[in-house]
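Only heavy atoms go into these numbers, but all of them, side chains included; no hydrogens, no water, no symmetry mates.
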Amino acid sequence: MRAVRRVPVALAYAFAFTVIAFALASPAGAQPVSLEGTPLEVQIWPGGEMGYTVFIVTGHIPEDVALPATVRLPVFEGAEVVWSGEILGGPVADDPERAATRVEGTGGPALEITAEATRTVQYEAIGAPLSVLDNLTTSVFEWVQSVETGDVTFSVRVPASAGTVTIDPLPVGDPRVNQDGEKLYTLRPAVLAPGDTFTVTTAYGPQGAGGGSGSGFPVLPVLLGLLALAVAALVIVLLQSRHAAV
């Protein structure tokens, strides 16, 4: 008969306690942190990838949550995630990349990301292809709020070459312009419950085609005409002054 080595009871309890404590402390075994009440930012970038709409989703971990922490961010079906990680606030190259796990949310999928160094998590993904017809580029972005968060702020980033820009829903205020000449339009924050959908449609043409930055107004001929009138007026004044002197 084979002998059985018995483990002292105290040692067994100590071992069990260690295993349980380790499991509770492990991020892999932790439940995702709720983002209820914290803002979510979704930047829509038509043409960010040639012929496609890119979108960038940013979430914020509550201040009272200890790191490391795992969170879930909404993502819609068919989106191709090309980067996920943490945002440190410095050079982009310094932002640590983190693995993203696709899980099922409410009404659609979600991404789980574990943050270790900062409270800002982000992912970048490629969405639906753009539609181009008669020099008009159109992006239809259909969002599914598969996770509970605070208000969701959508923004739209358009190329510097874009002329007249039409966005539905309407943006708020004037767009910001970055160093590359791209314009960033911000929409009014939306209150979305898990399972809600939200569609943002963007359309724009090239500059000089229907207004915008290039309205097509003949500025140069008008300036030349005004200059000619000014010269004629100056000649008349000089002639009148000469006659008065004589």
Next on the checklist: Considering only residues two or more places apart or on different chains, which pairs with a residue in residues 47-61 satisfy salt bridge (charged side-chain N to carboxylate O under 4.0 Å, His left out)?
Outcome noted: none
Item to check | Selection residues 67-85 - residue pairs positive for salt bridge (charged side-chain N to carboxylate O under 4.0 Å, His left out), sequence neighbours left out | outcome: Arg72-Glu112
Nearest 0.5 Å, please: how far is [atom2] in [Y] from [atom1] in [X]?
X	Y	atom1	atom2	value
Leu192	Thr149	CG	OG1	7.0 Å
Glu116	Thr70	CD	OG1	9.0 Å
Leu73	Leu40	CG	CG	6.5 Å

Which donor-acceptor pairs under 3.5 Å do side chains of residues 121-134 form with protein atoms, sequence neighbours excluded?
{"unit_1": "Gln122", "atom_1": "NE2", "unit_2": "Thr58", "atom_2": "OG1", "d": "2.8"}
{"unit_1": "Tyr123", "atom_1": "OH", "unit_2": "Pro74", "atom_2": "O", "d": "2.5"}

Taking the side chain as every heavy atom from C-beta outward, state whether [X] and [Y] have any pair of such atoms under 4.5 Å apart.
X	Y	answer
Ile113	Ser84	yes
Asp168	Val200	no
Pro46	Ile44	yes
Pro68	Thr114	yes

Checklist entry - Is the backbone of Leu88 close enough, under 3.5 Å, to the side chain of Asp95 for a donor and an acceptor to pair up by distance? => result yes
Checklist entry - Just by distance, do the side chain of Ser146 and the backbone of Pro109 share a donor-acceptor pair under 3.5 Å? => result yes
Would you give me the side-chain donor-acceptor pairs under 3.5 Å for residues 150-161, sequence neighbours excluded?
{"unit_1": "Arg157", "atom_1": "NE", "unit_2": "Glu182", "atom_2": "OE1", "d": "3.0"}
{"unit_1": "Arg157", "atom_1": "NH1", "unit_2": "Gln43", "atom_2": "OE1", "d": "3.2"}
{"unit_1": "Arg157", "atom_1": "NH2", "unit_2": "Glu182", "atom_2": "OE1", "d": "3.0"}

Checklist entry - side chain to side chain contact (heavy atoms under 4.5 Å, CB included) between Ile87 and Thr118: does it pass, once the steps are laid out? => result CA-CA 7 Å; Ile87 303 302; Thr118 180; 5.6 Å; no
Checklist entry - Of all residues at least two apart in sequence or in a different chain, which pass the side-chain hydrogen bond (donor to acceptor under 3.5 Å, both in side chains) check with Trp143? => result Gln145
Checklist outcome for this item: Ser139 meets the side-chain hydrogen bond (donor to acceptor under 3.5 Å, both in side chains) criterion, sequence neighbours left out, with Thr53
Closest approach of [X] to [Y] (non-hydrogen atoms, all atoms of both residues):
X	Y	answer
Leu187	Leu170	CG-O, 4.2 Å
Pro62	Leu35	CD-CD2, 4.2 Å
Leu136	Gly205	CD1-N, 4.2 Å
Ala117	Leu67	C-CD1, 4.0 Å
Pro171	Ile167	CD-CB, 4.0 Å

Checklist entry - Is there a path from Val42 to Val81 through hydrophobic residues (I, L, V, M, F, W, Y) whose side chains come within less than 4.5 Å of each other? => result yes
Next on the checklist: Could you see if Val65 belongs to whatever hydrophobic cluster contains Leu111? Use Ile, Leu, Val, Met, Phe, Trp, Tyr and a side-chain cutoff under 4.5 Å.
Outcome noted: yes
Next on the checklist: Quick check on Phe198: does its CZ atom have over 12 non-hydrogen neighbours (other residues, nucleotides or ligands) under 6.0 Å away?
Outcome noted: yes
Next on the checklist: Counting only heavy atoms from other residues, nucleotides and ligands, does the tally under 6.0 Å from CG of Asn178 exceed 12?
Outcome noted: yes
Item to check | Of all pairs that satisfy ring pair (Phe, Tyr, Trp, His ring centres under 6.0 Å), the ones with a partner from residues 59-108, not counting sequence neighbours | outcome: Phe55-Phe76, Phe76-Phe141
Checklist entry - Which residue pairs satisfy the side-chain hydrogen bond (donor to acceptor under 3.5 Å, both in side chains) criterion with at least one member in residues 96-111, sequence neighbours excluded? => result Glu86-Arg98
Item to check | For Val172, all residues meeting side-chain contact (heavy atoms from CB on, under 4.5 Å), sequence neighbours excluded | outcome: Arg188
Checklist entry - Which is it for Glu63 and Arg119 under the side chain to side chain contact (heavy atoms under 4.5 Å, CB included) test, yes or no, and what are the steps along the way? => result CA-CA 8 Å; Glu63 292 292 334; Arg119 298 185 179 281; 3.5 Å; yes
